[in-house]
Undergrad: 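Below are the structure tokens for one structure; questions will follow.
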Amino acid sequence: MRRFFCLALLPLAGLADAGPGRELAARQGIAHPAVIAHRGASFDAPESTAPAYVLARELGADYLELDLQRTRDGVLVAVHDDDLQRTSNVARRFPERTSSPVSAFTLAELKSLDAGSWFNQAYPERARERFEGLQILTLDEVMDIAQGNPERSPGLYIETKVPGLFPGIEADLATKLQARGWLDKPGRVVLQSFDRNSLALLQRHLPQVPKILLLWVGKGSIEPASGQTFAESGETDKAAFYARQQPRSKAEFERWLDYARAAGAIGTGPSAARTAGGAQSYADLVQPWMNRMSHDKGLLVHVYTVDETVDFDKVMAAGVDGIFTNRSGQLLRYFSRPAALGEAQILEANGY
Ligand code: G3P
Ligand code: CA
């Protein structure tokens with residue numbers, strides 16, 4: 001009878017792998033299933049800005065996710081892209097440096113950019129006047145937001161982005177986390193990278209902090225069965241191309257799980273193919289056999305980046321242990337962990 005009760009509450013196909021993943025997560029102090037706010041609540045507010053992170057915190061996300069880069073004067077900042085064109089007015093503010101990397105700018109220069117208006121133009125249905133002129137955030141500022149409400153205590157899920165461009169960034173991060181007292185509680189911080197060297201450096205500097213090796217099918221990661229890159233394929237629809245990509249073999253997938261373990265990772269962050277496609281849709285690396293293999297090797301699975309119920313159903317049924325999402329509110333409601341207020345109300349209550 002009790003078993004029937006549990007079955008009625010849980011996504012059916014997810015049951016097979018829920019056990020091992022939950023246990024692995026508990027051992028690391030990581031919520032299960034984990035709600036990871038990808039660049040903050042970036043569906044509803046400009047990615048990696050204050051309203052995106054405040055909203056994710058107030059919604060109750062387990063982790064605020066950020067991509068770590070470093071300014072020319074050595075300050076750690078949260079920016080996803082290699083350059084600033086998509087998410088700021090760099091082309092108008094610094095026309096001669098439009099495509100320069102983040103590392104070419106001082107903090108003062110980055111702070112002079114408008115990192116919010118692009119969102120209003122790209123998503124007029126979610127635009128807000130108070131998004132205009134938002135600033136790029138430092139890691140310190142993201143930490144301040146994470147700690148900004150004593151009733152909420154999201155962790156940080158930090159990716160070293162293009163780490164080859166930032167020698168020593170892993171040590172800088174360790175120094176910052178230590179100085180700010182963020183290493184006090186197991187699982188409060190999770191570290192992630194696509195780059196195995198960076199992961200090994202994180203392991204050297206922060207051996208006690210859980211780490212995730214990010215996976216995708218393509219250059220620098222899992223070899224595709226097709227043997228082709230998107231560019232070589234001549235296709236125009238990136239999501240459709242990636243949706244067809246598979247690892248070259250089971251052994252190739254397994255090789256990357258073994259890399260993760262060898263680098264000291266406690267899990268992987270594989271890509272997902274989204275039903276609706278789009279820019280954040282990649283190869284489906286959370287097929288049930290893949291998640292089973294990961295769990296058998298003692299690895300957690302945190303999939304990126306899923307926003308819709310149809311895909312929440314799919315990845316949970318396949319046995320993942322956590323989800324990177326741009327829509328923390330949707331995912332928390334899906335997990336029956338709704339906030340008292342909706343996204344718009346929270347933004348308004350916080351001055352946006
Ligand atoms: O960090 C997980 C996921 O964010 C990886 O993809 O490109 O959005 O950083 P990306
Ligand atoms: Ca990321």
Side-chain angles (χ1 to χ4, degrees), residues 30 33-43 45-49 52-53 56 61-70 76-87 101-102 119 136-137 139 142 154-166 169-170 173 189-196 198-199 202 209-222 230 238-239 242 245 256 260 263 265-274 277-286 294 299-307 311 315 320-328 331:
I30 295 172
V35 175
I36 305 157
H38 185 243
R39 310 178 204 168
S42 56
F43 178 85
E47 66 184 58
S48 312
T49 64
Y53 287 121
D62 298 307
Y63 288 99
L64 309 185
E65 194 261 354
L66 66 122
D67 304 284
L68 195 69
Q69 302 199 47
R70 194 173 57 200
L76 298 175
V77 290
V79 180
H80 175 269
D81 293 4
D82 300 2
D83 67 39
L84 299 149
Q85 293 183 72
R86 182 179 60 87
T87 57
V102 172
F119 180 92
I136 286 171
L137 298 177
L139 173 60
V142 181
L156 293 177
Y157 207 119
I158 305 173
E159 177 180 353
T160 49
K161 194 57 113 187
V162 282
L165 288 183
F166 302 105
I169 197 166
E170 296 83 3
L173 175 59
V189 177
V190 179
L191 304 171
Q192 40 157 348
S193 190
F194 285 102
D195 185 306
R196 287 158 57 200
S198 184
L199 212 62
L202 290 169
V209 179
K211 288 159 210 82
I212 293 284
L213 178 63
L214 298 170
L215 302 176
W216 73 302
V217 172
K219 198 166 178 290
S221 194
I222 298 172
F230 173 58
K238 204 170 87 169
Y242 279 115
Q245 301 308 302
W256 281 84
I266 56 97
T268 63
S271 61
R274 294 165 164 222
Q280 292 183 20
S281 186
Y282 294 100
D284 178 3
L285 290 180
V286 286
S294 301
L299 294 168
L300 279 176
V301 180
H302 287 168
V303 63
Y304 69 91
T305 305
V306 180
D307 287 352
D311 295 323
V315 301
V320 306
D321 304 302
I323 299 179
F324 291 80
T325 182
N326 302 310
R327 304 189 72 173
S328 298
L331 183 55

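Start at 1 and go down the list; that is how both ligands and their atoms are numbered.
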Undergrad: Can you sort out which atoms of ligand 1 are near Asp67, meaning under 4.0 Å from one of its heavy atoms?
TA: 9 (O)

Undergrad: Examine distances only and state if a side-chain atom of Asp307 and a backbone atom of Thr325 form a donor-acceptor pair shorter than 3.5 Å.
TA: no

Undergrad: Identify the closest protein heavy atom to atom 10 (P) of ligand 1: which residue and atom is it, and at what distance?
TA: His80 NE2, 3.2 Å

Undergrad: Keeping Tyr282 on the side-chain end and Lys238 on the backbone end, is there a donor-acceptor pair under 3.5 Å?
TA: no

Undergrad: Could you grab the distance from atom OH of Tyr157 to atom CG of Leu191, nearest 0.5 Å is fine?
TA: 9.5 Å

Undergrad: Look at the side chain of Thr49 and the backbone N and O of Pro46, then say whether any donor-acceptor pair between them is shorter than 3.5 Å.
TA: yes

Undergrad: Indicate the ring-plane relationship of Phe324 and His302, choosing parallel, tilted or perpendicular according to the 30° and 60° boundaries.
TA: perpendicular

Undergrad: Report, in ascending order of atom number, the atoms of ligand 1 lying under 4.0 Å from any heavy atom of Glu159.
TA: 1 (O), 4 (O), 5 (C), 9 (O)

Undergrad: Using only atom types and a distance under 3.5 Å, with no angle test, would you say the side chain of Tyr53 pairs donor to acceptor with the backbone of Glu65?
TA: yes

Undergrad: What part of Phe324 sits under 4.0 Å from ligand 1 if we count only heavy atoms: the side chain, the backbone, both or neither?
TA: side chain

Undergrad: Give the minimum heavy-atom separation between Gly277 and Ala239, together with the two atoms involved.
TA: CA-CB, 3.8 Å

Undergrad: Measure the distances from the heavy atoms of Gln280 to every atom of ligand 1 and state whether one is below 4.0 angstrom.
TA: no

Undergrad: For the Ca ion (ligand 2), find the closest N/O/S atom on Asp67 and give its atom name.
TA: OD1

Undergrad: Near Leu214, which atoms of ligand 1 are under 4.0 Å from a heavy atom of that residue?
TA: 1 (O), 2 (C)

Undergrad: Need one value: angle at the Ca ion (ligand 2), Glu65 atom OE2 versus Glu159 atom OE1, rounded to 10 degrees.
TA: 120°

Undergrad: Can Lys161 be said to touch ligand 1, with heavy atoms closer than 4.0 Å?
TA: yes

Undergrad: Suppose we measure from atom 1 (O) of ligand 1 to each protein heavy atom; which comes out shortest, and what is that distance?
TA: Gln192 OE1, 2.5 Å

Undergrad: Enumerate the atoms of ligand 1 whose separation from the nearest heavy atom of Arg39 is less than 4.0 angstrom.
TA: 7 (O), 8 (O), 10 (P)

Undergrad: Could you tell me whether Tyr304 and ligand 1 have an N or O pair separated by under 3.5 Å?
TA: no

Undergrad: Using atom types as modelled and distance alone, determine if a side-chain donor or acceptor of Gln69 lies under 3.5 Å from a backbone N or O of Val79.
TA: yes

Undergrad: Among all protein heavy atoms in this structure, tell me which lies nearest to atom 4 (O) of ligand 1, with the distance rounded to 0.1 Å.
TA: His38 NE2, 2.7 Å

Undergrad: Describe, in one word, how the ring planes of Trp216 and Tyr242 are oriented to each other, choosing from parallel (under 30°), tilted (30 to 60°) and perpendicular (over 60°).
TA: tilted

